[in-house]
Amino acid sequence: MIRLKSPREIEKMRRAGQIAAAARELAGKLIVPGATTQEIDKKVEAFIRSQNAIPTCIGYCGYPAATCISVNDGVIHGIPGKRVIRDGDLVKIDLDVGFEGYIGDCAATFIAGKARCDEDVRLLSITRQAFYEGLKYARPGYRVSDISAAVQRFVEENGFSVIRDYVGHGVGKEMHEEPEVPNFGRPGHGARLVKGMTICIEPMVAAGDWPVKVLKDGWTVLTRDGSMAAHYENTVLITDGEPEILTVPEPEV
Ligand code: MF3
Ligand code: CO
């Protein structure tokens, strides 16, 4: 069942989204050569808690950290640890924030220090743009798979591939609600989009081929071919008109 959100719930999701987006922005500044992924995670966790919010990833299905940090061929769900970030690494951070019972979920990819090649920069920018291609269809009159198809088309037109084994999702009181929002598929299928739906659109893109493997830790997802991967995600509210991205930092006053 897809849970539509009331105006009161949407207010809380906005606040959760703002904190999540601010945490993502902070992470972007902390992702520098020489930092360990655990140091970054701990600082982001402290920031989330300082906002009277909860890092909801901790304990989710036994997950041990506030953020997922995935490096280079890591696509998603990398567990922060002793790994030292090196110059040119592609670093993905994905985090969830709970505020008064509602969740904001966002992710982004950053290059630490100086990019190794133009192709890495292009991978990041295509992945981010793919989110906006999907967003064009995040409104009444379209169905979920119209978003999926737009993401896939854009990524493949640009010579990259979309991960098939993991998908975007509804979000709200739970981190993962219905519907699933894949990054692939034919248009015109799935639930009709209606006002009050809150979904995560999250392109996961490989520079090479899309098959992935999961490490023995049970979490870390890597591309099988070892190619670089990127991830970009926002929590989006469906309205009567333009979709509203909820994971944007609070405007400065
Ligand atoms: N934020 C991720 C998503 O986009 C899920 C994180 S998995 C967790 O769905 F275990 F870290 F919580
Ligand atoms: Co998500």
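Small disclaimer: the values here were computed from a predicted structure and weren't measured. Both counts, for ligands and for their atoms, begin at 1 and track the order of listing.
Residue pairs that meet the side-chain hydrogen bond (donor to acceptor under 3.5 Å, both in side chains) test with at least one member in residues 22-37, sequence neighbours left out, are Arg24-Asn234.
With respect to Lys42 and Glu45, a salt bridge is recorded, a charged nitrogen being found less than 4.0 Å from a carboxylate O. Electrostatic pairing of Glu11 and Arg14 counts as a salt bridge here, judged by a charged N lying under 4.0 Å from a carboxylate O.
Within 4.0 Å of ligand 1, counting heavy atoms only, the contacting residues are Cys57, Tyr60, Tyr63, Cys68, His77, Asp94, Asp96, Asp105, His169, Met175, His176, Glu202, Trp219, Glu233.
Excluding waters, the set of protein N/O/S atoms under 2.8 Å from the Co ion (ligand 2) reads Asp105 OD2, His169 NE2, Glu202 OE2, Glu233 OE2.
For Glu180, the CD atom is loosely surrounded, since the number of other residues' heavy atoms within 6.0 Å does not exceed 12. The 12-atom threshold is not exceeded at CD1 of Ile54, counting heavy atoms of other residues, nucleotides or ligands nearer than 6.0 Å.
In this structure, a donor-acceptor pair under 3.5 Å is present between the side chains of Asp41 and Thr67.
With sequence neighbours excluded, the residues that form a side-chain hydrogen bond (donor to acceptor under 3.5 Å, both in side chains) with Lys136 are Glu133.
Taking the ring axis of Phe184 as reference, the NZ or CZ atom of Arg164 stays within 45° of it and closer than 6.0 Å to the ring centre.
When each of Arg128, Lys92, Glu202 is paired with His231, the side chain to side chain donor-acceptor pair (under 3.5 Å) condition holds for Glu202 and for no other.
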